[in-house]
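We name chains A, B, ... by the order of the sequence lines, and we start the count at 1 in each one. This structure is a prediction, so every number in the text was calculated from the model and none was measured.
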2 protein chains.
Amino acid sequence: MESQDLRKAGLKVTHPRMRILEILEASQSRHMTAEDIYKQLLSHEEDIGLATVYRVLTQFETAGLVTKHNFEGGQAVFELDRGKHHDHMIDIESGRVIEFVNEEIERLQREIADKHGYVLEEHSLVLYVRPKKKTGK
Amino acid sequence: MESQDLRKAGLKVTHPRMRILEILEASQSRHMTAEDIYKQLLSHEEDIGLATVYRVLTQFETAGLVTKHNFEGGQAVFELDRGKHHDHMIDIESGRVIEFVNEEIERLQREIADKHGYVLEEHSLVLYVRPKKKTGK
DNA sequence: CTCAATGCAAATTATTTGCAATCTT
DNA sequence: AAGATTGCAAATAATTTGCATTGAG
């Protein structure tokens with residue numbers, strides 16, 4: 001099935017590319033570093049190099065299959081592009097990534113760019129949050 | 001004058017720290033990489049190592065004197081904290097960084113975090129924009 | 001004088017690249 | 001078979017760290 005996604009993206013259907021796509025689709029967290037993916041491959045006895053993981057992810061990004069995020073310093077994380085745009089919220093205590101969509105914010109962003117004489121091409125919005133203290137209920 | 005800023009931040013007043021503060025204050029662009037600052041120092045015949053620049057910037061960040069941004073991959077940029085919070089817009093054609101403030105977006109962000117059971121601690125919003133095509137006026 | 005701060009070189013971390021061997025079509 | 005793709009090792013880029021020396025209070 002996903003071999004079609006690759007062909008559609010103009011990429012040859014190779015074993016490494018298929019494996020990496022599958023891992024991204026199966027991933028619970030939805031946001032993985034190249035290293036995460038590489039370790040998954042290793043644990044599945046796959047013989048794919050880390051350099052290939054990086055190369056494939058870059059190709060996927062160019063092809064629009066994947067989005068790359070540079071959250072707080074360290075490694076970049078990659079996320080399979082499932083069509084619907086969204087922004088991210090990161091729980092700084094657990095590291096968990098939560099997705100959200102807010103049309104109002106999207107609209108305001110376009111408006112701001114416009115007011116300054118620009119057209120909005122891309123944006124990156126990340127909220128760093130902390131769980132609310134439970135009130136003694 | 002700025003020696004007070006350093007003392008207030010609990011940092012010893014040393015030559016490298018003063019120089020770096022001054023460069024940040026004098027900088028036209030307001031957003032400099034460690035390398036940028038290092039080169040400025042070199043051109044002023046200062047004998048300060050790049051490692052020190054990084055160390056000092058990190059201390060400044062911890063002390064709240066400076067904010068560090070990880071815009072699109074590559075080097076981090078540092079900006080002197082002049083009190084008023086703002087977000088950034090980057091002209092992808094010229095690389096220019098434009099600052100803006102929008103209370104409505106700030107409010108929506110707090111609201112979104114709240115709705116998910118979190119408190120907003122920090123956020124990062126960057127708009128990547130392109131100049132509007134001039135209409136043939 | 002005492003300990004924090006610095007310079008320099010070496011170490012790390014994340015990612016990229018060269019190239020010969022290996023697949024896809 | 002022809003050219004794209006991969007693995008591995010070596011190369012980069014950005015930032016950090018160890019340690020002997022210097023400097024601030």
**Complete:** Rounded to whole Å, CD of Glu35(A) lies from C1' of dT12(C) at a distance of 13 Å
**Prompt:** What is the distance, rounded to the nearest whole Å, between atom CG of Leu57(A) and atom C1' of dA14(C)?
**Reply:** 13 Å
**Request:** Please tell me which of Thr33(B) and Gly10(A) maps to the more 5' nucleotide of DNA chain D, matching each residue to the nucleotide holding its nearest heavy atom.
**Result:** Gly10(A)
**Message:** Just the rounded figure in Å: distance from C1' of dC8(C) to CD1 of Ile48(B).
**Reply:** 14 Å
**Request:** Indicate yes or no: does Lys115(A) engage Glu111(A) in a salt bridge with an N to O separation below 4.0 Å.
**Result:** yes
**Message:** Just by distance, no angles: are the side chains of His31(B) and Asp36(B) close enough, under 3.5 Å, to form a donor-acceptor pair?
**Reply:** no
**Prompt:** To the nearest angstrom, how far is Asn70(A) atom CG from dT15(D) atom P?
**Reply:** 12 Å
What side-chain donor-acceptor pairs closer than 3.5 Å can you find for residues 56-64 of chain B, not counting sequence neighbours?
| unit_1 | atom_1 | unit_2 | atom_2 | d |
| --- | --- | --- | --- | --- |
| Thr58(B) | OG1 | Tyr54(B) | O | 2.8 |
| Gln59(B) | OE1 | Arg17(B) | NH1 | 2.8 |
| Thr62(B) | OG1 | Thr58(B) | O | 2.9 |

**Complete:** Glu72(A) atom CD is separated from dT15(D) atom P, nearest whole Å, by 13 Å
**Nearest-nucleotide comparison on DNA chain C, the residue closer to the 5′ end among Ala51(A) and Val13(A)** = Ala51(A)
**Message:** What's the closest nucleotide to the side chain of Gln75(B) if the choices are dT6(D), dT15(D), dA24(D)?
**Reply:** dT15(D)
**Protein-nucleotide distance (His15(B), atom NE2; dG23(D), atom C1'), rounded to Å** = 12 Å
**Prompt:** In whole Å, what is the span from the CZ atom of Phe60(A) to the C1' atom of dT15(C)?
**Reply:** 18 Å
**Request:** Give a yes-or-no answer on whether the side chains of Glu99(B) and His85(B) include a donor-acceptor pair shorter than 3.5 Å.
**Result:** no
**Item:** Phosphate-side-chain proximity, Thr52(B) and dG7(C), N/O vs OP1/OP2 below 4.0 Å
**Value:** yes
**Message:** Once you apply a heavy-atom cut-off of 4.0 Å, does Ala34(A) come out as touching a base, just sugar-phosphate, or nothing?
**Reply:** nothing
**Item:** Side chain of Lys12(B) (C-beta onward), nearest among dG25(D), dT25(C), dG7(D)
**Value:** dG25(D)
**Prompt:** dT25(C), dG25(D), dG7(D): which one has an atom nearest the side-chain heavy atoms of Arg7(B)?
**Reply:** dG25(D)
**Request:** For dA4(C), take OP1 and OP2 only and decide whether either is under 4.0 Å from a side-chain N or O of Thr14(B).
**Result:** no
**Asked** How close or far is atom P of dG25(D) from atom CG of Leu11(B), stated in whole angstroms?
**Response** 11 Å
**Request:** Please state whether the phosphate of dT15(C), meaning OP1 or OP2, lies under 4.0 angstrom from any side-chain nitrogen or oxygen of Tyr54(A).
**Result:** yes
**Asked** Among dT15(D), dA24(D), dG7(C), which nucleotide sits nearest the side chain of Arg55(B)?
**Response** dG7(C)
**Asked** Are Met32(B) and Leu42(B) connected in a single hydrophobic cluster, I mean Ile/Leu/Val/Met/Phe/Trp/Tyr linked by side-chain heavy atoms less than 4.5 Å apart?
**Response** yes
